[in-house]
Amino acid sequence: MTQAADTPGAPANKAGSGYREITVAAVVLGIVQGALMTAAFVYISLKLGFGLAGSTVAAILGFALLRGVGRKGLKIKGCGSIVENNINQTIASGVNTASAGVVFTFPALLLLGLQYDIYTILLAAVAGSFMGIVIIIPLRKQLIEIERLKFPSGVAVATILKAPGAGAKKAKYLGIGFLVSAGLTLATNHHFQWLPETLPIGPWIKSLLHVGNAGPWALVLIGTTVSLSMANIGAGLLSGRGGLPFALGGVMAWWVIGPVAVWQGWAPPHLAGEQLVNSVYGGMLRPTGIGILIGGALAGVVAAFPAIKGAIASLSAAAKLARKGGGQSEELSPKVLVVGLGGSFVALFVVTLVGSMGTTGHFHFGTAIAAAVAGALWLALAGLIVAQATGATDISPLSGLALIAVTLMLAITSGNVVLAVTIGIAVSIATNQCADMMTDLKTGHLVGGVPRRQQLAQFGVAWIGPAIAIGTTLLLWKAGPGGTNGFGPESAACIHKLPECLPAPQAGVLEGMIKGVLSGHAPVDKYVAGAGIGAGLALVPIGGLGVLIGLAMYLPFEITLGYGIGCLISIAIEKAKGHHYVADVVVPVAAGLIVGEALMALTLTLVDLVGGS
Amino acid sequence: MRALGMVLFVIGVLVASCYAARAVHPQGTGPGGEVTSGDRISAWGHVAGAPFAAGMVLLVVGGLLSRVRRPGAPPPRPIPTGTEHEGFEAEGVADLILEGEPVPEHVKSEHPQAPPVLLMRIAAKLDQLPDGNTAEHVAELHQTLDEILEQDVAEFLDQREDMIAELGLTRFAEMIGHFASMERNTARAWSALTDEAYDEVPPSIERARSGLAMARKTLSSAWSFSGRG
C-alpha cells in the first residue's frame, strides 16, 4: 500500500518502509479484544445499568501483547509500534462501541413483549454502524482540525500510546494521576464508601444557614453538589478554556432557570428536597436541554457549512492529487461518503419498509419513505451532536438522542413501537460509532496515524459489534425459563432476587419513555422551544455553544460542576505557568485521571460480577 | 456595541430559557381525551409564548450586535486571486516570511505572536532537522519535535480567532488543514523515532515541511500586519 501526502511536492509514504501500522497482528488482536469486550459489556450493562469505555483497556493490552509478546517474545521486528497499537485500539473500540447502543434499545423491545424480525433488527444495527463511520469523514476535518475540539479520552489514549517515548517525568505525572483517580474510585465505590461519590457542598451550606427544604434557595443549595469522578475533572483539565461554556450552561440551569421556575410557582408546590430537585431537573431542565442540543446542532451545521463544504472539496482535491502521484491520500475519498450514505439509506429504507407492515401484513411505502428519510437525517444530526458533545466534554447524550429518534418515529409511523425502537437501535449505534471514531481519530492525529487507515480499519469491522451485541442480548434473554424473560425486573431471577438477576435498567428507562410518549407525556413543547434557543445561540461566534449549553442542562449539575472546576484549574495553571507546563504536567496528570478511573471501575465491576453482587 | 450586544444576548438567553422550561398542564383533545403534541405546544404557547418571544428577540438582537466589528479593526480580506499584493511594507514582510528571507528584527519584535511569524519559527525548526543519519540524532530530534508539538502548535492555535477574523472561515479552513497535516506528520516522526523506526522519520518530516509550506502560503497571502500589536 502506498500513500502520498495531501500537499503538492510531499513525498509518497511507502507503507512497506517497515513502520508497522495496519498489520495482521493489530487487526486480529483488535477484533478479539473488541468481541470479548462487547459480550462482556452487554452483560455488565444489563446487570448494572452502565457501559464502560474500551479504548484505554485495548491500548494497554495492546502494549502488553503487541510490544511485550510480539516484539520481545516472538521477536517480530518493530511489532507494537505506537501507530500499530493505535489501529489495535481503534478496531477494538470500534467493535465494542455497538454494545452500548444495543443494550440501551434492543432489550426494551424484548421487555415490551412485542413481535420483531431479528434480521430487520440486525440490518438496522449494521446500517447504523456504517452510517456512523461514514458521516465522520467530512466531520473529522471540521471538528478535529478546524474547531480543534479536545476529545479528552482521545488525548488520554494518545498519552498512553506515547508513554514509551514521553520520558520519565511525564510517566511519573501519568502515574500520579492514575493512582489518585484509581484510589478515589475505590474509596467512593459502594462496597467501601470511604468517601461519598459527590461532595454535597450546597447541602452543607444549607444546613449551616438553616435553609428549609422548599423554595428557590433550597433548589440551588440541594442541587449544588460536585461529582468526585476524577475522569470528569480530568476531562475539564484537558478542555480548559474551551469547556467553560459547558460549565456556565450548568450554572445558568441550576442557579438561574431552576430557581426562577420554583419562585414563579411552576414546580409542583407540594414538592420539597430531593423530590423538588428531581422534578425541576426531569420535567423542565432536561427536556429543554435536549431541545437546545438539537437546535444548536442544526444551526451549527448551517454556520459551519462553508467549512464543511471546503473540507469535502479538500478531500476530493487530495484524492485527485494522490492519484496523480500514483499513491493514496491520507483521507478517505468523498466517494466513500456518497456510497456509504447511499448504501446505509437503502438499508434503512428496507428496514422501515419491512417494519411498516406492522400487524397489517401490507407494505406502507409512504410511511416507509418518510421514516427512512427522517431516520437518516436524524441519525446524521445526532452523530454531529454526539461528536461535538464528546469532543468538548467526553460525555455523550445517548439516551436523549435515542428518545428523540423513538418519539420522531412514533409520530411518523402512528405509534409503530417496533419500527420506532428498530430505528432507535440504528441511531444509538450510529451515534456511538461517531463518538468512538472521532475520539480514535483524535488519538491518531496526536500520534501521527493516517486517518484513512484508521477509517478503513473501523469500516472493516463495523458489522461485527452489532452482531455480537444483539446475539449476546438474545442469548441472555433466551436463558430464561421457556426461552424468554432472561433479564428485566419481571425475570424469574430478579423476582426471586437471585445473584444472576439482570435488571436491565437502561432498557427499563427506554420502555418507560416509550410508554410516556404513547400516553402524550413527551415534553414536545420544551423540545421545540429549546430548539429555538439552540438555533439562536449560533449567532454568537463561539463554536458549538448551543450543543454545550444544551448538554449542560441535560446532565446532572454535579457532572457539569466537576468538569467546570477542571476547566478553571487548567486555565489558572496555563495563565501562571504557560503552555509548556500544561503539556508537560497537566496533560499527563489528566490522562492518568481518566485512565485510572476507567480501569479501576472495570476491575471493581468484574469483582462485583464474580462475587455475584 | 459588542459589550451591549453580549449583555442583551445573555439576558435574552436567560429569559427565553426560563420560559422554555415552564411547566404546562394541557387539556387533552385527542381520542379519548389523550394529550397530543399540539395540545402541549398550544398550552405552552398560551402561558409562556409572549415572554419567550421577547427573550428570543433580545437573544437575536444581542447576538447580531456582538458580531459587529470593532471600529478601526481591519475588514475581512478577500481571497487573493494570485500572488500580487498591494505593495505596502507590512505585506512585503509576509512575502519575505513566505520566501524564507531574513525578516527585519523590528518586525519580529513588534509582532512576536503574529501567526506568520509563528509559522516561520516552526519552519525554521523543521528545516534545521537533519535529513539523514536519524539514529545519530535521536535526542536532538526528539527535543525539537517535542517543542513544535507541545509549544509552537499551541501558541499558533491561540491566534485562531484572529486568524478566522482575518482570513474568513473558508480560507482559514484551507490553511488549518495544511497546518494539521504538518502537525500529524510531525507527530508521526516523533512516534517513529520512539519506535526506532528510523527510516520513517525523514519522509515524515518532509511531509510536515510540505504541509507547513502550504499553510504559510495560504496564510501569508492574506495576512496583514498593519494595525496589529
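Note on naming: letters A, B, ... go to the chains in the order of the sequence lines (proteins, then strands), and numbering restarts at 1 for each one. Remember, predicted model here, so these are calculated numbers, not experimental data.
Note: A/Arg67 CZ to B/Asp195 CG = 5.0 Å, rounded to the nearest 0.5 Å. Atom OG of B/Ser17 sits about 7.5 Å away from atom CG of A/Leu537, to the nearest 0.5 Å. Expressed to the nearest 0.5 Å, how far CD1 of A/Ile144 lies from CD1 of B/Ile176 amounts to 13.0 Å. Between the CE atom of A/Met284 and the SG atom of B/Cys18 there is a distance of 10.5 Å, given to the nearest 0.5 Å. A/Ile146 contributes atom CD1, which lies 6.5 Å from atom CG of B/Leu169 (distance to the nearest 0.5 angstrom).
Put simply, of B/Glu174, B/Gln151, B/Arg160, the one with the most heavy-atom pairs under 4.5 Å next to chain A is B/Arg160. In terms of non-hydrogen atom pairs under 4.5 Å with chain B, the most contact-rich of A/His580, A/Arg286, A/His579 is A/His579. Contact tally against chain A (heavy-atom pairs below 4.5 Å) for B/Ile41, B/Val24, B/Val15: the top residue is B/Ile41. Among B/His25, B/Met56, B/Glu34, the residue with the largest count of heavy-atom pairs under 4.5 Å with chain A is B/Met56. For the set B/Ala197, B/Gly12, B/Ala20, the count of heavy-atom pairs under 4.5 angstrom toward chain A peaks at B/Ala20. In terms of non-hydrogen atom pairs under 4.5 Å with chain B, the most contact-rich of A/Ser81, A/Gly536, A/Pro164, A/Ala261 is A/Ser81. Counting heavy-atom pairs closer than 4.5 Å to chain A, the top-ranked of the candidates B/Gly55, B/Ala208, B/Ala192, B/Ala48 is B/Ala192. Ranking B/Val47, B/Asp39, B/Leu149, B/Leu157 against chain A, the residue ahead of the rest is B/Leu157, based on heavy-atom pairs under 4.5 Å. Most heavy-atom pairs under 4.5 Å with chain B: of the set A/Gly578, A/Ala529, A/Gly449, this distinction falls to A/Ala529.
Counting only heavy atoms from C-beta outward, the side chains of B/Trp190 and A/Ile82 approach each other to under 4.5 Å. A 4.5 Å side-chain heavy-atom check between A/Asp525 and B/Arg22 finds every atom pair outside the cut-off. In this structure the side chain of B/Thr194 never reaches within 4.5 angstrom of the side chain of A/Lys162, judged on heavy atoms. Counting heavy atoms from C-beta on, the side chains of B/Glu200 and A/Arg20 never come closer than 4.5 Å. Within the 4.5 Å cutoff, no side-chain heavy atoms of A/Tyr19 are placed close to those of B/Asp199.
Interface remark: A/Val260 contributes side-chain atoms only to the contact with chain B (heavy atom separation under 4.5 Å). A/Arg71 touches chain B through its side chain: at least one heavy atom from C-beta onward sits under 4.5 Å away, while N, CA, C and O do not. Using a 4.5 Å cut-off between heavy atoms, A/Val528 touches chain B through its side chain atoms alone. In this structure, chain A has no heavy atom under 4.5 Å from any part of B/Glu196. Looking at B/Tyr198, neither its backbone nor its side chain comes within 4.5 Å of chain A, counting heavy atoms on both sides. Using a 4.5 Å cut-off between heavy atoms, A/Ala267 does not touch chain B at all. Proximity to chain B is absent for every atom of A/Ile549, based on heavy atoms less than 4.5 angstrom apart. Residue B/Thr36: no heavy atom, backbone or side chain, is found under 4.5 Å from chain A. For A/Ala522, the part lying near chain B is the backbone, with the side chain staying farther off; criterion is any non-hydrogen pair under 4.5 Å. Neither the backbone nor the side chain of B/Leu193 has a heavy atom closer than 4.5 Å to any heavy atom of chain A. Neither the backbone nor the side chain of B/Arg209 has a heavy atom closer than 4.5 Å to any heavy atom of chain A. Contacts of A/Lys526 with chain B are made by both backbone and side-chain atoms, with heavy-atom separations under 4.5 Å.
Among the residues in residues 139-146 of chain B, those with a non-hydrogen atom closer than 4.5 angstrom to a non-hydrogen atom of chain A are B/His142.
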Set out, in order, the CA-CA distance, both residues' side-chain angles and the distance that settles salt bridge (Lys or Arg N to Asp or Glu O under 4.0 Å) for A/Lys170 and B/Glu150, then state yes or no. CA-CA 13 Å; A/Lys170 280 188 187 168; B/Glu150 293 184 355; 2.2 Å; yes
Pair B/Phe52, A/Ile533 - check side-chain contact (heavy atoms from CB on, under 4.5 Å), show working. CA-CA 10 Å; B/Phe52 173 78; A/Ile533 298 169; 3.8 Å; yes
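Using a cutoff of 4.0 Å between basic side-chain nitrogens and carboxylate oxygens, B/Arg188 and A/Glu330 are not scored as salt-bridged. Looking at A/Arg148 and B/Glu183, a side-chain N of the basic residue comes within less than 4.0 Å of a carboxylate O on the acidic one, giving a salt bridge.
Counting all heavy atoms, side chain and backbone alike, A/Pro523 lies closest to B/Arg40 at CA-CD, 4.3 Å. Shortest non-hydrogen contact noted between B/Ala187 and A/Gly448 is CB-N, 3.7 Å. Nearest heavy-atom pair across B/Leu14 and A/Met252 is CD2-CG, 3.2 Å.
More than 12 heavy atoms of other residues, nucleotides or ligands lie within 6.0 Å of NZ in A/Lys442, so this atom counts as buried by the packing criterion.
In this structure, the side chain of B/Arg184 does not engage the main chain of A/Val447 through any donor-acceptor pair within 3.5 Å.
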